[in-house]
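Here is the structure we will look at.
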Amino acid sequence: MASRFNALKADAAWQKLWEDRRTFAARDDSPRPKSYVLEMFPYPSGRIHMGHVRNYTMGDVLARFRRMTGYEVLHPMGWDAFGMPAENAAMEKGVHPGGWTRDNIATMKAQLKRLGFALDWTRELATCEPDYYGHEQALFLHLYAAGLVYRKESPVNWDPVDMTVLANEQVIDGRGWRSGALVEKRKLSQWFLKITDFADELLDGLQSLDQWPDKVKLMQENWIGKSRGMKIRFQVSDGQPVEVFSTRPDTIFGASFVAVAADHPIAQAAALRDPEAQAFIDRCKQGGTTAAEIETQEKLGYDAGATATHPFTGLPMPVFIANFVLMEYGTGAVMGVPAHDQRDLDFARKYQLPVRRVVADGEHRDPLFEGDEAYTGGGQLVNSDFLDDMDVDAAKAAVIARGEADGWGEGTTVWRLRDWGVSRQRYWGTPIPIIHCEDCGAVPVSQDQLPVVLPEDVSFDVPGNPLDRHPTWKHVDCPTCGKSARRETDTLDTFADSSWYFIRFASQPKDKPFDKDVVAQWLPVGQYIGGVEHAILHLLYARFWTRALKRTGLIDVAEPFTGLFTQGMVTHETYKSSDGRWLGPAEVQDGVEIATGEAITVGRVEKMSKSKKNTVDPGPIVDQYGADAVRWFMLSDSPPERDLPWSEAGIEGSWRFVQRLWRLFDGLAEQAGTEGSDKALDRKLHQTIAGIAADVEALAFNKAVAKLYELTGMIEKAAPSASRTQAIRTLMRLVAPMVPHIAEEAWAANGGDGLIADAPWPEVDAALLVEDEVTVAVQVNGKLRDTLTLPKGTAREDAEAAALASANVQRAMEGKPPRKVIVVPDRLVNIVA
RNA sequence: GCGGACGUGGCGAAACCGGUAGACGCAGCCGACUUAAAAUCGGCUUCCGAACAGGAGUGCGGGUUCGAGUCCCGCCGUCCGCACCA
């Protein structure tokens, strides 16, 4: 009688053995072809959550599968260990960010090991340690030397209570998310990385990424936001010319006003002489920036009291200060062409400005433009002097040519992408390796002084950046002139840390960030897996950083991630008590709140979150069901790119399947020596081998799982035979990437050679992939009436004859003669009567 | 507003190039084993229908085709991203 699979015992034993033998350590000098499988490394927030488990299980299956198919696999793990939560913990609990972070790493590492992931822990890294961020400082200085880093005054969100800069995401309704204080716009000197120098290549490079989701590529494309157009300078009645940016220079004869942003010099000048203009500007700045506010906000303008001169007609146009023009985009000024831009039309109707048609819409050619809907389509130019009868593109070119010849404008490209501001007034981050000297300015720390180590003796009892308050740390001598100087106390945005960690995984010498030749062996990452929330920032920064290192000669790869996969979230039902409190799964049983005995309401299935209390901690689940059952659940049912609803019933089902496998594996010895073959089972086995391989390569784990269920069911029902024995032995290897512990246990118990983790993927007998009999559907007028079992390759006439002979078919045809018969060989016969 | 994705049983889903819709799992129902329960095993499980008669059915309405979940046109809905981008 088969025993039960003791997951707890087996998990521990195999995990220890893999670790002792360094089974999953990647060898740089291996002769095998190399494969780099990477999941986005976690922030050490405290404990592993289900999202991590899902993410790392997917990567693990692929990594283990690649090993079995003959690759030397690099599958590393590390910690994105700098960031604000550590400082928040320091302020709330009085612990040191470093201690808090390192404790979390220890906890989470143990949790990851408990899941049996095939990770190369010899390459583990944490971005908060000097042996990582010191090399990052070296790379920063390398980019600085290459002219890709600069310093500039820039407006930031300043929280006056916490005395720190906040990221845009941390400003909620104009207030700091922690302090609740009204956030101020302050100008601070900030360090920037010149990502805009790479805008064109980052955009073009997307085209080569054919193993990335289109969605992510599109998001990056929109973020980079390339628009081609023209800068046009209009003479202004009193003062400097105003330069506008337009994507539609062809419509210039329809321009009837110029609008500038509230921060524009023209607006500022108007404010000096006109208090009402100042009042209007103040009103503009009050406006919120949330989606709803922008949606409802009225387009407002204030006549700046100046006029701009049209370059062709010489006619004057009013200049408005307008609340819808952004100083940050283009030139901070636009020309208004109401007939062919909706926003301009709204504005013109409101302030009774001329609206002149200059592009024919197919029906109308006259200058008079009626209605409140702008015509933004293409067509022939009209009412436009020398542009008349040209199409839009030709007219654009013509205006640009004239502007360039006459010196009042030029064709140009404007990007939405801004340079990357990397300064953070924070303690827990990579110190920016710069020294400020009164005489020499900003001076890079010399290479032999790296790393610039974060001091550990800091306090968090006062708001603000502890580095700035530290008694000694920032006082240093200028590396150039030796006079006393001041360290930069800002730290780097943590996105810098995650922009190159995948390179450091591939190669980690002590004396430099990485070795170019070793990196070349592993990069680019073949398959990168993580959440969509990183579709823009992290993935764009990592692409930029890689390209910057390539341009400056440190590496040879341009794109860091060949394949990208964005997995869905783990979700769970939500529960609310009768009085409207969120309840956790443990507080609920059979539709009733355990504590009160009152009925609960079951809400939507949502992303696991602490606020809705619908999280499930993987820790106790793994202890209860074993790592294999949890891994199996993570791969089952939902396609990996979609959300996966966690359920108690689901994990029970996975556990039952693990036990089913064990009954087959454990019973194998009893049938040793059984003779005879089972052709149908052989066929199913080989179809499954081929099918799983294809599914795993495509990351279609849910389909692979379904095929394994089918094969398992068929083996269970099959009579003992040599085929069945062979199928069970092969099944061990087929499930090994997904449920590695039980696979190792079964492999060892049945005399397998070495570790199953090192065993080769079973070979497919191609001859067994084809069936010799097929089921052919028989339709009459497109409706299914019968199915026939025919030898594969049956001739059309024979299939047709067999179909016509069917009693069901004859009944359906009601004695009518067949008018036409369509035969799709080995699939169907359709009789049109 | 712009851009994108997706709508299939009670639920998660599958269906490769237009060819038997609902594989596989969950939940449910019936049965076997058991003193009993659990575990396990067998069967059923899209809807209407007594039916292994027949009919309907992949968000809705049209179309192309011998044949449409799949292709085309028009709607409706859900989710995601961006957002006063000139």
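Worth saying up front: this structure is predicted, and the values here are computed from it rather than measured.
A:E641 contributes no side-chain N or O that, together with a main-chain N or O of A:G568, makes up a donor-acceptor pair within less than 3.5 Å. Side-chain atoms of A:D643 never come within 3.5 Å of backbone atoms of A:T571 as a donor-acceptor pair (strictly under, hydrogens ignored). The closest donor-acceptor contact from the side chain of A:R543 to the backbone of A:L202 lies under 3.5 Å. Distance alone, capped at 3.5 Å, places no donor-acceptor pair between the A:T794 side chain and the A:L790 backbone.
Closest to the side chain of A:R343, out of B:G67, B:U40, B:C84, is B:C84. The side chain of A:E710 has B:C24 as its nearest neighbour among B:C82, B:C24, B:G19. Candidate nucleotides B:C82, B:A21, B:A86 were compared by shortest atom distance to the side chain of A:L326, and B:A86 ranks first. Residue A:R663 places its side chain closer to B:U40 than to any other of B:C84, B:U40, B:U20.
The side chain of A:R416 places an N or O atom within less than 4.0 Å of a non-bridging phosphate oxygen (OP1 or OP2) of B:A83. Phosphate contact (OP1/OP2 of B:G25, side-chain N/O of A:Y709, threshold under 4.0 Å): absent.
Within the model, atoms CD of A:E648 and CD of A:E573 stand 11.5 Å from one another, a figure rounded to the nearest 0.5 Å. Taken to the nearest 0.5 Å, the CG atom of A:L326 stands 11.0 Å off from the OG1 atom of A:T331. In this structure, the separation between CG on A:L537 and CH2 on A:W223 is 5.5 Å, given to the nearest 0.5 Å. Between A:T712 atom OG1 and A:L734 atom CG the span is 9.0 Å, to the nearest 0.5 Å.
Looking at which nucleotide of RNA chain B each of A:R827 and A:A649 is closest to, the 5′-most match is held by A:R827. Looking at which nucleotide of RNA chain B each of A:M335 and A:L828 is closest to, the 5′-most match is held by A:L828.
A:I831 places its CD1 atom 16 Å from the P atom of B:U20, with the value rounded to the nearest Å. Rounded to an integer number of Å, the gap from A:E652 CD to B:A39 C1' is 12 Å. Between A:N781 atom CG and B:A68 atom P there is a gap of 12 Å when expressed in whole angstrom units. In this structure, A:R656 places its CZ atom 14 Å from C1' of B:C24, rounding to the nearest Å. Between the P atom of B:U20 and the CD1 atom of A:I822 lies a distance of 14 Å, rounded to the nearest Å. Per the geometry, CG belonging to A:D344 stands 10 Å off P belonging to B:C85, to the nearest Å. Taking atom CH2 on A:W632 and atom P on B:C24, their separation rounds to 14 Å, with Å as the unit. Between the CG atom of A:L784 and the P atom of B:G19 there is a distance of 15 Å, given to the nearest Å.
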Nucleotide-resolved protein contact map, nucleotides 69-74 of chain B, B/S/- at heavy-atom distance under 4.0 Å: ------

Contact state string [nucleotides 5-17 of chain B, B base, S sugar-phosphate only, - no protein heavy atom under 4.0 Å]: -------BSSS--

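Distance check on atom P: B:A27 versus B:A38 gives 14 Å, rounded to whole Å. Taking the C1' atoms as reference points, B:U65 lies 10 Å from B:C71, given to the whole Å. To the nearest whole angstrom, the two C1' atoms, one in B:U46 and one in B:U64, are 28 Å apart. Taking atom C1' in both B:C79 and B:C44, the straight-line distance is 36 Å, to the nearest Å. Nucleotides B:C33 and B:G18 are separated by 49 Å at their C1' atoms, to the nearest Å. To the nearest whole angstrom, the two C1' atoms, one in B:G9 and one in B:C26, are 13 Å apart. Comparing B:G57 with B:C47, their C1' atoms are spaced 7 Å from each other, to the whole Å. Comparing the C1' positions of B:C11 and B:C16 gives a spacing of 26 Å, expressed to the nearest Å.
For the pair A:A255 and A:M335, the tightest heavy-atom approach, listed with the atom from each and the gap, is CB-SD, 4.1 Å. Taking both residues in full, the closest heavy atoms of A:L417 and A:A199 are given as CD2-CB, 4.1 Å, listed atom of the first, atom of the second, then distance.
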Under-3.5 Å N/O pairs linking protein and nucleotides 43-54 of chain B:
from, atom 1, to, atom 2, distance (Å)
B:G54, OP1, A:R811, NH1, 3.0

Using atom names, set out every protein N or O paired with an N or O of nucleotides 56-59 of chain B below 3.5 Å, distance rounded to 0.1 Å.
from, atom 1, to, atom 2, distance (Å)
B:A56, OP2, A:K783, NZ, 3.3

Every protein N/O lying under 3.5 Å from an N/O of nucleotides 78-81 of chain B:
from, atom 1, to, atom 2, distance (Å)
B:C80, O2', A:K215, NZ, 3.4

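Residues A:Y625 and A:F633 place their aromatic rings such that the two centres sit no closer than 6.0 Å.
Below 30°, between 30° and 60°, or above 60°: for A:F253 and A:H310 the angle between ring planes is between 30° and 60°, a tilted geometry. Between A:F5 and A:W662, the ring planes are tilted. Angles from 30° to 60° get that label. Under the 30°/60° scheme for interplanar angles, the aromatic rings of A:F257 and A:F320 are found to stand perpendicular.
The pair A:K792-A:E773 fails the salt-bridge criterion, with no side-chain N (NZ, NE, NH1 or NH2) lying under 4.0 Å from an Asp/Glu carboxylate O. The existence of a salt bridge linking A:D695 and A:K707 is confirmed by a sub-4.0 Å separation between a basic side-chain nitrogen and an acidic carboxylate oxygen. A salt bridge links A:K217 to A:D214: at least one charged side-chain nitrogen sits closer than 4.0 Å to a carboxylate oxygen. Residues A:R233 and A:E410 are paired through a salt bridge, judged by an N-O separation under 4.0 Å between the basic side chain and the carboxylate.
Among the atoms of the strands shown, none is found under 4.0 Å from any heavy atom of A:T331. Across all strands shown, A:N830 has heavy atoms under 4.0 Å from base atoms, whether or not it also approaches the sugar-phosphate. Using a 4.0 Å heavy-atom criterion, one finds that A:R819 contacts no nucleic acid atom at all. Across all strands, A:V414 comes closer than 4.0 Å to no nucleic acid atom at all (heavy-atom distances). Counting non-hydrogen atoms under 4.0 angstrom, A:L218 reaches the backbone sugars and phosphates but no base. Counting any heavy atom pair closer than 4.0 Å across all strands shown, A:V832 reaches sugar-phosphate atoms only and no base atom.
Shown here, B:G63 is classed anti by the O4'-C1'-N9-C4 or O4'-C1'-N1-C2 angle, which is more than 90° from 0. B:C17 has its base syn relative to the sugar, with a glycosidic angle deviating from 0 by at most 90°.
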Pair pattern of RNA chain B in dot-bracket, where unpaired bases get dots and | marks partners in another strand, Watson-Crick or G-U under 3.5 angstrom: (((((((..(((......[....))).(((((.......))))).(((.....)))..(((((..]....))))))))))))....

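The local environment of CZ in A:R349 is crowded, with over 12 non-hydrogen atoms from other residues, nucleotides or ligands closer than 6.0 Å. Atom NZ of A:K226 sits in a crowded spot, with more than 12 heavy atoms from other residues, nucleotides or ligands closer than 6.0 Å.
Annotation: side chain of A:L300 is in contact with side chain of A:Y351 (closest heavy-atom distance under 4.5 Å). Looking at A:R785 and A:Q779, their side chains never come closer than 4.5 Å, going by heavy atoms from C-beta outward.
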